[in-house]
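Contents: one structure, followed by commentary.
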Amino acid sequence: MKQLIQDIDILNEKENACETVKTSLEQDTGQHKKMYIESYGCQMNFADSEVVTAIMQENGFDTTATPEKAQVIFLNTCAIRDNAEQKIRHRLKHLNAMKKHKPALLIGVLGCMAERLKKKFLEEEKVVDIVAGPDAYRDLPKLVAEAEDGAKAINVFLSREETYADINPVRLNSNGVTAFVSITRGCDNMCSFCVVPFTRGRERSRSPYSILKECQDLFEKGYREVTLLGQNVDSYFWTEREDIISLKQYQKAVAQQDLADLEKVNFAQLLEKVALISPELRIRFSTSHPKDITDEVLYTMKKYENVCKYIHLPVQSGNSRVLTLMNRTYDRDWYLNRIEAIRRILGEECGISSDMIAGFCSETEAEHQDTLSLMDIVQYDFSYMFYYSERPGTLAHKKLTDDIPVAIKKRRLNEIIQRQKELSLKRNQMAVGQTYKVLIEGFSKRSDAFLQGRNTQNKVIIFPKGTHQKGEYVHVKVHDYTAATLFGEVVN
Ligand code: SAH
Ligand code: SF4
Ligand code: F3S
């Protein structure tokens with residue numbers, strides 16, 4: 001068991017650092033062509049790849065897990081940090097070599113880097129045939145046809161309405177138990193460091209009817225957990241009026257006329273509707289924004305056992321001056337007040353995680369210390385941690401100076417990572433002796449004699465298989481831990 005624990009910890013650390021997902025689905029629905037898709041970046045990109053697969057399947061393409069078998073290769077790209085883009089450039093070099101042996105092969109770049117670079121992509125990377133932004137996926141069959149005719153095909157139009165609501169995603173890399181469901185697209189927040197508002201466009205909310213239908217379908221197919229996705233799920237806001245698809249638009253309309261009777265759904269109400277599908281269906285969501293997460297959401301989480309007691313609430317920095325420069329629109333006190341509300345309403349047990357950026361423009365040593373002290377106060381279970389990478393076109397790029405030397409950024413990042421490791425260990429140690437309800441997701445990565453699943457707080461728990469299988473709920477008593485994983489035995 002000890003060796004297994006060590007192996008798994010190394011695996012988990014690697015996994016967190018790596019943001020590439022290669023398709024494992026080998027489809028054969030009788031289509032005459034094959035496509036291969038690789039996804040980079042966030043969960044929203046992975047969810048989008050499932051939409052792309054559905055659109056392509058409707059138009060003559062099956063998905064293959066082997067790039068060599070494909071007539072079309074898509075890279076669904078991320079632009080969040082420079083190293084994310086370097087990874088894509090590196091991958092394109094490799095594909096270039098492949099194309100030399102197979103000239104008819106088409107290479108399409110999708111997603112955020114495609115949107116950021118637009119036609120520059122076609123000029124810079126000769127190997128690319130198709131460029132499509134996140135709102136242009138319905139156009140892919142046409143773009144592929146154009147590329148087949150020898151043209152360079154591009155659509156990077158950003159839409160105010162597109163939510164792909166009517167498209168039934170084809171699940172890639174599915175364990176058959178957990179699935180992602182997009183509820184909003186785009187982002188209106190304009191955090192000064194962030195490229196997302198430029199690559200994904202304006203924020204819009206998907207119809208609750210199509211969200212509920214997708215979740216209900218998943219449940220009926222045997223899925224037992226859905227993660228509702230958006231850059232800022234708390235600002236989810238839908239009305240029956242097709243021209244009003246965000247809270248901001250609604251508030252503007254209210255100021256102009258009386259809309260009291262309009263049917264409308266906010267995030268807490270959506271959460272409740274999904275929770276009511278079945279007590280056997282777990283619900284998670286990501287990402288929450290500190291400025292928007294309301295007590296109403298926290299009380300809804302409390303009311304339904306199947307809404308998981310875990311919140312990803314990225315703080316970015318623990319210092320109020322830096323938060324102002326980041327345009328996060330909250331300060332340290334506001335954030336800590338939200339944490340206090342989570343602890344008051346959902347208790348110490350609720351899992352909390354964060355994103356942190358080290359070495360943002362002009363950050364002093366003392367301000368960096370504020371991030372570390374905030375981590376101590378919150379006691380995060382887990383964090384995604386980065387050092388600042390300037391992105392062309394963002395507010396920070398235009399207005400601030402990226403003046404912290406890389407060596408210092410890296411040192412500060414390491415201090416943050418070290419602190420998080422201590423906190424994760426401490427939080428996981430608290431789990432020893434506790435019994436948790438676990439949804440089994442499949443075999444542990446290291447051994448088929450063990451299964452793995454998560455508790456409501458989103459902690460991975462590994463335990464001997466016994467007679468259990470994926471999709472089942474079991475109660476597991478924890479007897480060991482690392483910073484990333486808990487280990488236990490099933491109890492009755
Ligand atoms: N919508 C989410 C974040 C999406 S991007 C939110 O508001 O929290 C995921 C994370 O990448 C961010 O939380 C941030 O920590 C990090 N990130 C974004 N832009 C970055 C940049 N330019 N340099 C370093 N990290 C960045
Ligand atoms: Fe980027 Fe901020 Fe929007 Fe998150 S909320 S996607 S960090 S602009
Ligand atoms: Fe990357 Fe775009 Fe997601 S920039 S993090 S793939 S929204």
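Indexing begins at 1, ligand by ligand and atom by atom, following the structure's order. Nothing here was measured: the structure is a model prediction, and the numbers come from that model.
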- With a cut-off of 4.0 Å, which atoms of ligand 3 are near a heavy atom of Arg200? 2 (Fe), 7 (S)
- Message: Which option wins on minimum heavy-atom distance to atom 6 (S) of ligand 2: Met44, Met190, Met326, Gln231?
- Response: Gln231
- Any N or O on Ser288 sitting closer than 3.5 Å to an N or O of ligand 1? no
- Item | Nitrogen or oxygen of Arg391 less than 3.5 angstrom from that of ligand 1 | no
- Query: atom 22 (N) of ligand 1: which protein heavy atom is closest, and how many Å away?
  - Reply: Ser389 O, 2.7 Å
- Check whether any N, O or S atom of Cys42, backbone or side chain, sits closer than 2.8 Å to atom 2 (Fe) of ligand 3. no
- Query: Which option out of Met44, Arg81, Glu390 puts a heavy atom nearest to atom 11 (O) of ligand 1?
  - Reply: Arg81
- Consider every N or O of Asn232 and every N or O of ligand 1, then say whether any pair is closer than 3.5 Å. no
- Query: Going by heavy atoms, is Tyr384 under 4.0 Å from ligand 1?
  - Reply: no
- Note on the structure: Check: of Arg328, Gln43, Gln316, Met326, min heavy-atom distance to atom 7 (O) of ligand 1 comes from Arg328
- With Phe285, the ring pair (Phe, Tyr, Trp, His ring centres under 6.0 Å) member among Phe180, Phe267, Tyr310: Phe267
- Query: Can you tell me if Glu441 and Gln452 form a side-chain donor-acceptor pair at under 3.5 Å?
  - Reply: no
- With a 4.5 Å heavy-atom cut-off, do Arg204 and Glu162 have their side chains touching? yes
- Message: So, regarding Cys194 and ligand 1 (criterion: nitrogen or oxygen to nitrogen or oxygen, under 3.5 Å), is there a contact or not?
- Response: no
- In terms of the angle between their ring planes, are Tyr330 and His289 parallel, tilted or perpendicular, with boundaries placed at 30° and 60°? perpendicular
- Item | Minimum-distance protein heavy atom relative to atom 1 (Fe) of ligand 2 | Cys194 SG, 2.3 Å
- Note on the structure: atom 2 (Fe) of ligand 3: of Gly111, Ala79, Cys112, the nearest heavy atom sits on Cys112
- Does Gln231 approach ligand 3 within less than 4.0 angstrom via side chain, backbone, both or neither, non-hydrogen atoms only? side chain
- With a 4.0 Å cut-off on heavy atoms, does Arg200 reach ligand 2? no
- Query: Gln231 heavy atoms, cut-off 4.0 Å: which ligand 1 atoms fall inside?
  - Reply: 1 (N), 2 (C), 3 (C), 4 (C)
- Taking distance alone, with no angle check, do His289 and ligand 1 share an N/O pair under 3.5 Å? no
- Identity and separation of the nearest protein heavy atom to atom 8 (O) of ligand 1: Pro314 CG, 3.1 Å
- Out of curiosity, is Thr287 lining ligand 1, as in a heavy atom under 4.0 Å away? yes
- Item | Phe198 six-ring face occupied by Arg116 cation (under 6.0 Å, within 45°) | no
- Message: Regarding atom 3 (Fe) of ligand 2: of the candidates Cys187, Cys191, Gly186, Ser192, which has the closest heavy atom?
- Response: Cys187
- List every atom of ligand 3 that sits less than 4.0 Å from any heavy atom of Cys78, numbering the atoms from 1 in the order shown and giving each element. 1 (Fe), 4 (S), 5 (S), 6 (S)
- Query: Tell me, which protein residue and heavy-atom name are nearest atom 5 (S) of ligand 2, and how many Å apart are they?
  - Reply: Asn189 ND2, 3.3 Å
